[in-house]
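Reading through the structure tokens given below for one structure.
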Amino acid sequence: MTCVPTRSTSRFALSLFTLTCCLISGLLVQTTPAYAQTGNELIKEADLDFLKRKKFEYTKALSSSSLTQAEITLLTEYNRIQVLQMSLKSQIRELSKIREQLKRDLNLLAKPPARAFVLPLIIKYCEQLLIDQPLPVRLNACLLITELNEEPPNVPKQIPATPFTGMADPLIAIISDKNQSEALKIIATNGLMRLCQDGNPKVDIRSRVADALIEQLKQPNLNEWYKRSLVEAVSYTSVLFDKTRTPYIVQTLAEILINPMEPWTVRAEAASGLGRTEMNREINLTLVNYEIVNFAHEMGQQFNAKPNAPHWRLCAFRVYTAYQPEISKSTALLTRIKNAPFSTNRAEVQEAYDVVLPLANEILKQNPPPGAKAVPVKVITDLKTWLDANTPENYILGPNTKPLRNPKP
């Protein structure tokens with residue numbers, strides 16, 4: 001019997017994304033040094049009067065089925081002031097309110113013609129706020145980009161919003177900028193994940209997103225939270241091969257999974273990512289499955305050595321999601337084996353899950369630190385027994401990849 005929690009719809013992922021953003025925002029907004037930074041005010045205080053005077057005309061233009069030139073002019077100026085007011089020192093405490101008002105207008109009032117015209121404008125003005133502005137301003141500009149929707153959510157039908165595909169390039173630019181704060185990069189990475197998960201980007205956009213995320217994973221000394229975000233996001237891109245026809249995402253995630261120098265939470269995120277990332281019949285699923293069990297075995301041993309370390313519950317849940325889908329309509333190892341080409345792996349994956357699940361349950365049912373205790377020894381020995389009986393024939397994941405390990409003698 002499992003005590004592991006499950007997620008039923010992608011709305012949970014969206015809520016988690018929003019919560020994560022709010023946590024980062026709250027932490028940074030309270031940081032005094034961020035407010036000590038000075039930036040150029042990109043509009044004047046007097047410009048704010050335009051927002052009050054033209055509010056009625058603005059809402060009318062948003063609901064227009066066919067934009068006139070006058071409405072285009074109004075929408076352009078109104079959104080310029082609405083976004084760039086975040087650069088005013090007087091508005092530093094109103095940043096989230098500005099974002100929420102703008103999103104509310106777009107989601108509730110804007111018809112497709114106005115939304116299609118306004119969304120690129122907002123991106124354009126947000127990009128101006130990403131340069132030489134205090135961190136809270138840059139943070140909120142980045143958040144706003146990630147929250148833009150081509151289609152608003154349908155709450156009664158539990159259909160999430162469709163993200164604006166135009167967010168891809170500015171978000172890629174943020175994570176690729178060596179001078180940007182990692183706080184912004186975490187937000188941008190989550191935005192790219194949201195785009196790939198809930199949006200409809202074409203293959204070339206998904207490939208560019210994947211390339212940018214993989215390039216970031218190659219950088220040294222990354223913040224653990226940022227690296228976890230990168231690992232999770234790249235697994236949602238639905239990209240398999242790079243230009244050399246190497247399954248570079250599968251290979252990168254597997255290399256992170258087996259690397260003892262990586263943080264435990266990053267390795268566990270890689271296990272979860274391997275459960276859902278794009279694969280075909282050329283991928284060695286037997287090896288993927290084996291390495292996830294091997295990681296679970298290592299995790300169990302280390303848990304018993306230090307059961308009150310704060311990261312174990314997260315790690316246990318992430319390993320569980322390598323086998324069971326985290327959200328509805330998602331992929332994991334146990335859903336892969338239901339159909340070709342991986343139906344031939346059904347027995348080995350199910351047997352692996354049967355020895356991994358008890359470990360996840362034992363860790364997740366523990367009392368919070370400092371009350372956690374070691375899991376039963378049998379849980380660990382069952383993992384080791386399975387590993388000994390299922391040694392892979394080779395350690396090559398797919399075409400054009402180097403072996404993950406040297407073969408055992």
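For the single chain, residues carry numbers from 1 onward in sequence order.
- The closest donor-acceptor contact from the side chain of Arg194 to the backbone of Thr146 lies under 3.5 Å.
- A donor-acceptor pair is defined here as one N or O able to donate and one able to accept, closer than 3.5 Å; no such pair exists between the side chain of Lys111 and the backbone of Ser65.
- Within 6.0 Å of NZ on Lys55 lie more than 12 heavy atoms contributed by other residues, nucleotides or ligands.
- Shortest non-hydrogen contact noted between Trp312 and Pro307 is CD1-O, 3.8 Å.
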| field | Evaluation steps, side chain to side chain donor-acceptor pair (under 3.5 Å), between Gln251 and Thr246 | value | CA-CA 8 Å; Gln251 182 75 12; Thr246 299; over 6 Å; no

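- Between Tyr290 and Tyr395, the ring planes are perpendicular. Angles over 60° get that label, and only those under 30° would be called parallel.
- Counted by atom type alone, Glu362 and Gln366 present zero donor-acceptor pairs between their side chains at under 3.5 Å.
- Judged by distance alone, the side chain of Thr277 and the main-chain N or O of Leu274 form no donor-acceptor pair under 3.5 Å.
- In this structure, Trp264 and His311 have parallel ring planes: the angle between them is below the 30° cut-off, well short of the 60° mark.
- With contacts defined as side-chain heavy-atom distances shorter than 4.5 Å, the pair Glu278/Ile249 does not qualify.
- Of all non-hydrogen atoms in Ala141 and Leu130, the two that sit nearest each other are CB-CD2, 4.1 Å.
- Between Ser87 and Gln133 the shortest side-chain heavy-atom distance falls below 4.5 Å.
- Between Glu291 and Val288, every side-chain heavy-atom pair lies at or beyond the 4.5 Å cut-off.
- By the 4.0 Å N-to-carboxylate-O rule, Lys103 lies close enough to Glu147 to be salt-bridged with it.
- Ile363 is listed as a side-chain neighbour of Phe303, based on a closest heavy-atom distance under 4.5 Å.
- Under a 3.5 Å cut-off, the side chain of Asn308 and the backbone N or O of Ala372 do form a donor-acceptor pair.
- Screening Asn140, Ile92, Ile43 for a side-chain contact (heavy atoms from CB on, under 4.5 Å) involving Met86 leaves a single residue, Asn140.
- A donor-acceptor pair under 3.5 Å is absent between the side-chain atoms of Glu127 and the main chain of Pro170, judged by distance alone.
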| request: Tell me, with the steps shown, if Asn149 and Glu151 meet side chain to side chain donor-acceptor pair (under 3.5 Å). | output: CA-CA 5 Å; Asn149 299 320; Glu151 292 291 339; over 6 Å; no

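- With rounding to the nearest 0.5 Å, the separation of CD in Gln158 from OG in Ser328 is 9.0 Å.
- Contact check for Val118 versus Ile122: side-chain heavy atoms found under the 4.5 Å cut-off.
- Taking 4.0 Å as the cut-off between side-chain N and carboxylate O, Lys89 and Glu45 do not count as a salt-bridged pair.
- A salt bridge links Arg318 to Glu326: one of the charged nitrogens lies within less than 4.0 Å of a carboxylate oxygen.
- Judged purely by atom type and a 3.5 angstrom limit, Tyr78 uses its side chain to pair as donor or acceptor with the backbone of Leu51.
- A distance-only check finds a donor-acceptor pair linking the side chain of Arg336 to the backbone of Gly275 [under 3.5 Å].
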